[in-house]
Amino acid sequence: MGHGGDVIAELTTDHREVEDLFEQLANAAPGSERRKHVADALTIELVRHSVAEEEHLYPAVRDHLDGGDALADKEISDHAGVEKLLKELEQHESSDPDFDRLVAKLKTEVTAHVQDEENNLFPRLRDSVHPYVLESLGDKVREAKKTAPTRPHPAAPSTPPANKLLAPGLGLVDRARDYVTGRGR
């Protein structure tokens with residue numbers, strides 16, 4: 001959940017974990033319970049990561065980068081598309097033909113988003129934001145992931161202050177549901 005380092009190191013490590021989960025999905029037998037389990041783990045990771053970025057990274061982008069509002073809005077829009085796909089994927093068993101179609105579409109969208117962040121946004125942040133601020137943001141992102149939702153909530157607000165107020169409550173409910181159902185274990 002938390003890896004340490006500044007916000008760029010933290011989020012980049014998350015990106016590698018997501019890539020690994022996509023690889024595990026590709027290697028799991030079609031229609032298997034393992035495939036559904038990995039898809040659930042991928043959903044949990046992507047939702048927590050997105051919520052933490054929306055709560056802390058994108059407000060910093062707005063504050064510290066020229067054209068930051070447009071950049072943050074684009075990233076949030078990318079998240080909204082991914083969250084809708086995750087919500088749809090959540091409703092399918094791994095044996096459903098739509099499951100593979102949704103995973104492929106999800107991988108395409110997530111990969112494009114990751115490449116954009118790592119090749120454009122993160123270098124701009126590294127060049128424009130003091131290392132102390134990046135370290136502080138890393139701490140905030142790690143803390144946010146601890147209480148973030150684990151299931152997609154496409155209708156939930158994605159910008160402060162509403163997202164910071166609602167996410168911990170949604171996260172609590174999601175983790176309770178996960179505990180009862182065994183999801184994510």
Side-chain angles (χ1 to χ4, degrees), residues 1 3 10-55 57-58 71-121 141 144-159 162-163 166-185:
M1 181 179 304
H3 312 293
E10 179 72 22
L11 297 174
T12 300
T13 301
D14 285 354
H15 292 167
R16 298 297 82 80
E17 288 178 355
V18 166
E19 289 169 355
D20 180 60
L21 288 166
F22 275 120
E23 185 69 25
Q24 289 180 45
L25 261 175
N27 292 330
S32 68
E33 186 61 33
R34 171 83 180 131
R35 225 164 131 68
K36 182 65 172 172
H37 178 77
V38 174
D40 285 345
L42 177 65
T43 298
I44 290 167
E45 182 60 28
L46 285 171
V47 170
R48 287 185 12 241
H49 175 91
S50 295
V51 167
E53 284 186 334
E54 290 167 3
E55 287 183 6
L57 178 67
Y58 300 144
L71 282 169
D73 289 345
K74 183 219 176 284
E75 300 296 330
I76 290 169
S77 176
D78 289 351
H79 284 192
V82 166
E83 195 154 11
K84 286 177 185 172
L85 284 172
L86 290 171
K87 189 68 176 172
E88 192 174 348
L89 182 64
E90 183 180 58
Q91 298 168 13
H92 293 279
E93 293 301 319
S94 62
S95 57
D96 186 327
D98 281 339
F99 185 89
D100 290 333
R101 177 188 59 80
L102 290 166
V103 167
K105 188 171 182 180
L106 180 66
K107 183 176 181 183
T108 297
E109 290 197 23
V110 168
T111 299
H113 179 75
V114 165
Q115 288 174 346
D116 182 49
E117 280 190 343
E118 292 185 5
N119 295 328
N120 300 311
L121 182 61
V141 162
K145 287 192 291 185
K146 290 178 185 176
T147 60
T150 61
R151 295 170 184 262
H153 298 278
S158 56
T159 56
N163 66 343
L166 293 176
L170 290 172
L172 181 63
V173 171
D174 286 353
R175 282 188 302 285
R177 285 179 62 200
D178 292 346
Y179 177 79
V180 169
T181 64
R183 179 178 177 264
R185 283 190 228 154

Is the shortest distance from a Lys or Arg side-chain nitrogen in [X] or [Y] to a carboxylate oxygen in the other one below 4.0 Å?
| X | Y | result |
| --- | --- | --- |
| Glu118 | Arg16 | yes |
| Arg101 | Glu88 | yes |
| Arg48 | Asp14 | no |

(Q) Which heavy atom of Arg35 sits nearest to which heavy atom of Pro30, and what is that distance? (A)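 Closest heavy-atom pair between Arg35 and Pro30: CD-CA, 3.9 Å.
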
Q) Would Glu19 and His15 count as having a side-chain donor-acceptor pair, cut-off 3.5 Å? A)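 Their side chains do not contain a donor-acceptor pair, so the 3.5 Å distance test is not met.
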
Q: Using only heavy-atom distances, determine whether the side chains of His49 and Glu45 contain a donor-acceptor pair under 3.5 Å.
A: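 No - no donor-acceptor pair under 3.5 Å links their side chains.
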
Flag, side chain of [X] to backbone of [Y], donor-acceptor distance under 3.5 Å:
| X | Y | result |
| --- | --- | --- |
| Ser32 | Ala28 | no |
| Glu10 | Val141 | no |
| Lys36 | His92 | yes |

Just wondering, do [Y] and [X] contact through their side chains at under 4.5 Å, heavy atoms?
| X | Y | result |
| --- | --- | --- |
| Tyr58 | Asp73 | no |
| Gln91 | Phe99 | no |
| Val103 | Leu42 | no |

